[in-house]
Visitor: 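Quick one: the structure is below, and I'll ask about it shortly.
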Amino acid sequence: FLLENAAELVRLLDNVEKRKANAPDYTDGSAIPHLGGRLTLCYHAAPCPTVREQDTLHIFARNPQEAQLAVRQWEISECVELYRSINREVYEHFRKEGFEVPLAHIQIKEMISRWGSCTAATGRISMNFRLMRYPIESIYGVFYHEYTHFLHQDHSPQFYELLLRMY
């Protein structure tokens with residue numbers, strides 16, 4: 001198996017190394033990916049709320065471990081707020097166009113191989129937390145893709161025709 005798949009295994013290991021090299025180190029002044037851009041971390045020694053001002057994220061942290069925790073908590077709260085808003089917006093767009101779709105129950109997960117998934121029978125859409133690193137258009141694209149699955153549970157030509165019409 002190893003000999004037969006050596007080239008693919010080397011490629012996968014290279015990808016892991018590239019991800020590690022691009023991972024934020026959470027030091028004061030370092031940058032983290034956010035909605036397709038970068039936010040610079042600014043440590044504050046005294047307790048304070050985590051606040052974003054333009055391209056700077058002010059956090060209470062004394063070391064990278066505390067910074068990573070502060071950033072994660074802030075990202076989760078931002079993600080929940082943004083995904084709720086986009087979910088409502090996409091739902092209303094489908095309804096305005098005459099489609100009977102449910103207002104999705106959103107589940108936020110950190111998925112490895114998917115950006116989103118739809119369970120049409122329960123009206124649930126799972127969204128990948130990691131999308132917060134990419135441009136907001138990517139998040140909208142995944143929401144529209146998953147809402148289209150409420151009407152077409154496959155990736156047929158009709159699915160893509162509707163997806164392109166709606167987004």
Side-chain angles (χ1 to χ4, degrees), residues 5 8-9 11-24 26 31-41 49-57 59 67-167:
N5 296 289
E8 179 66 8
L9 293 169
R11 187 187 69 76
L12 292 170
L13 286 172
D14 285 343
N15 286 344
V16 168
E17 291 304 315
K18 285 177 189 172
R19 279 194 214 126
K20 284 181 184 176
N22 291 329
Y26 296 96
I32 60 165
H34 183 69
L35 295 180
R38 311 282 289 167
L39 296 178
T40 301
L41 298 181
T50 300
V51 176
R52 177 183 177 184
E53 291 179 343
Q54 284 106 23
D55 294 335
T56 302
L57 189 63
I59 58 174
Q68 188 172 7
L69 180 60
V71 167
R72 180 67 173 201
Q73 290 171 338
W74 176 81
E75 284 177 323
I76 289 169
S77 129
E78 289 288 305
C79 181
V80 168
E81 186 177 321
L82 180 62
Y83 286 12
R84 280 183 181 161
S85 172
I86 293 174
N87 181 46
R88 171 65 65 178
E89 188 179 333
V90 172
Y91 163 77
E92 288 173 358
H93 185 204
F94 271 84
R95 298 291 291 205
K96 180 180 165 216
E97 293 297 318
F99 295 106
E100 293 292 322
V101 295
L103 176 61
H105 299 284
I106 299 301
Q107 211 173 30
I108 299 170
K109 300 178 177 181
E110 203 151 352
M111 296 183 258
I112 301 299
S113 62
R114 293 181 179 202
W115 293 117
S117 66
C118 173
T119 308
T122 62
R124 181 172 313 279
I125 290 176
S126 295
M127 293 292 293
N128 194 328
F129 173 78
R130 292 183 304 123
L131 277 167
M132 291 295 288
R133 298 175 188 159
Y134 297 92
I136 197 162
E137 296 82 6
S138 302
I139 300 170
Y140 273 97
V142 174
F143 266 100
Y144 273 96
H145 182 104
E146 300 311 334
Y147 261 90
T148 303
H149 277 307
F150 284 134
L151 302 165
H152 298 281
Q153 283 85 49
D154 54 17
H155 289 114
S156 63
Q158 295 82 7
F159 169 89
Y160 285 108
E161 183 180 308
L162 178 58
L163 177 58
L164 288 173
R165 175 179 158 202
M166 295 302 293
Y167 186 62

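Keep in mind the model is a prediction, meaning the values are calculated, not measured. For this chain, numbers begin at 1 and follow the sequence in order.
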Visitor: Would you mind checking if Arg11 and Glu8 are paired as a salt bridge, meaning a charged N to carboxylate O distance below 4.0 Å?
Guide: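 So Glu8 pairs with Arg11 through a salt bridge.
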
Visitor: Report, as yes or no, whether the 6.0 Å neighbourhood of atom CZ on Arg84 holds more than 12 heavy atoms from other residues, nucleotides or ligands.
Guide: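 Count not over threshold, so no.
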
Visitor: Please tell me if the side chains of Ile108 and Ile76 come closer than 4.5 Å, counting only heavy atoms from C-beta onward.
Guide: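 Side chain of Ile108 against side chain of Ile76, heavy atoms only: no contact under 4.5 Å found.
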
Visitor: Just by modelled atom types, is the Cys118 backbone N or O under 3.5 Å from a matching donor or acceptor in the Glu146 side chain?
Guide: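 Indeed, once roles are kept as given, a pair shorter than 3.5 Å links the two residues.
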
Visitor: Count the heavy atoms belonging to other residues, nucleotides or ligands that lie under 6.0 Å from CD of Glu110, then report whether that count exceeds 12.
Guide: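 Enclosed.
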
Visitor: Looking at His149 and Ala120, what are the two nearest heavy atoms and their distance?
Guide: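 Looking at all heavy atoms of both residues, the closest pair is O-CB, 4.1 Å.
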
Visitor: Could you check Phe159 against His145 for side chain to side chain contact (heavy atoms under 4.5 Å, CB included), going step by step and ending with a plain yes or no?
Guide: CA-CA 9 Å; Phe159 169 89; His145 182 104; 3.5 Å; yes

Visitor: For side chain to side chain contact (heavy atoms under 4.5 Å, CB included), just list the numbers for Met166 and Phe99, CA-CA rounded to whole Å, side-chain angles, deciding distance to a tenth of an Å, and then say yes or no.
Guide: CA-CA 11 Å; Met166 295 302 293; Phe99 295 106; 3.8 Å; yes

Visitor: List the atom of Met127, the atom of Ile139, and the distance in Å for their closest heavy-atom pair.
Guide: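 For Met127 and Ile139, the tightest heavy-atom pair comes out as CE-O, 4.2 Å.
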
Visitor: I'd like to know if Glu97 pairs up with Arg165 as an ion pair, taking the criterion as any Lys NZ or Arg NE/NH1/NH2 lying under 4.0 Å from an Asp or Glu carboxylate oxygen.
Guide: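 Between Arg165 and Glu97 there is a salt bridge, with a charged N closer than 4.0 Å to a carboxylate O.
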
Visitor: Out of curiosity, Leu57 CG to Leu41 CG, how far, rounded to the nearest 0.5 Å?
Guide: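 Here the interatomic distance stands at 6.0 Å.
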
Visitor: Can you tell me if Arg130 uses its side chain to pair, donor with acceptor, with the backbone of Ile112 under 3.5 Å?
Guide: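 Side chain of Arg130 to backbone of Ile112: a pair is present.
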
Visitor: Assess whether side chain to side chain contact (heavy atoms under 4.5 Å, CB included) is satisfied between Arg52 and Glu78, documenting all intermediate values.
Guide: CA-CA 11 Å; Arg52 177 183 177 184; Glu78 289 288 305; 5.6 Å; no

Visitor: Do Phe150 and Ile125 have side-chain heavy atoms sitting under 4.5 Å apart?
Guide: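 A side-chain contact under 4.5 Å exists here.
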
Visitor: For Leu103 and Arg88, which heavy atoms make the closest approach, and how far apart are they?
Guide: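 Taking every non-hydrogen atom into account, CD2-NH2, 3.2 Å.
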
Visitor: Give, for atom CD1 of Ile59 and atom CG of Leu39, the distance between the pair rounded to the nearest 0.5 Å.
Guide: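 Ile59 CD1 to Leu39 CG: 11.0 Å, rounded to 0.5 Å.
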
Visitor: So, do Tyr160 and His152 have ring centers that fall under 6.0 Å from each other?
Guide: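 No; His152 has its ring centre 6.0 Å or more from that of Tyr160.
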
Visitor: Might you point out which heavy atoms bring Val101 and Tyr91 nearest each other, and give the distance in Å?
Guide: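 Taking Val101 first and Tyr91 second, the nearest heavy atoms are O-CE1, 3.3 Å.
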
Visitor: Please check: side-chain N/O of Tyr147 versus main-chain N/O of Ala104, any donor-acceptor pairing under 3.5 Å?
Guide: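 Yes, because the side chain of Tyr147 sits within donor-acceptor range (under 3.5 Å) of the backbone of Ala104.
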
Visitor: Mind listing the closest non-hydrogen atom pair of Pro24 and Ala31 along with its distance?
Guide: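 Smallest interatomic distance, heavy atoms only, reads CB-O, 3.6 Å.
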
Visitor: Go through it in stages, so that I can follow the logic: the residues are Leu162 and Gln158, the test is side chain to side chain contact (heavy atoms under 4.5 Å, CB included), and I'd like the CA-CA distance, side-chain angles, deciding distance and then a yes or no.
Guide: CA-CA 6 Å; Leu162 178 58; Gln158 295 82 7; over 6 Å; no

Visitor: How would you list, by chain and number, every residue that makes a ring-ring contact (aromatic ring centres under 6.0 Å, His included) with Phe143, sequence neighbours excluded?
Guide: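 Residues passing ring-ring contact (aromatic ring centres under 6.0 Å, His included) with Phe143: Tyr83.
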
Visitor: Could you tell me which non-hydrogen atom of Met111 sits nearest to which non-hydrogen atom of Arg114, and how far apart they are?
Guide: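 Closest pair (atom of Met111, atom of Arg114, distance): CB-O, 3.5 Å.
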
Visitor: From Asn128 CG over to Tyr134 OH, what is the distance, rounded to the nearest 0.5 angstrom?
Guide: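 Output value for this atom pair is 9.0 Å.
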
Visitor: Looking only at side-chain N and O atoms, does Tyr144 offer a donor or acceptor that is under 3.5 Å from a partner on His93?
Guide: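 Yes, because at least one side-chain N or O of His93 sits under 3.5 Å from a partner of the opposite role on Tyr144.
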
Visitor: When rounded to the nearest 0.5 angstrom, what is the spacing between CD in Glu53 and OG1 in Thr40?
Guide: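 OG1 of Thr40 is found 12.5 Å from CD of Glu53.
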
Visitor: Tyr26 ring centre to Arg72 NZ or CZ under 6.0 Å, with the angle to the axis within 45°?
Guide: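 No.
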
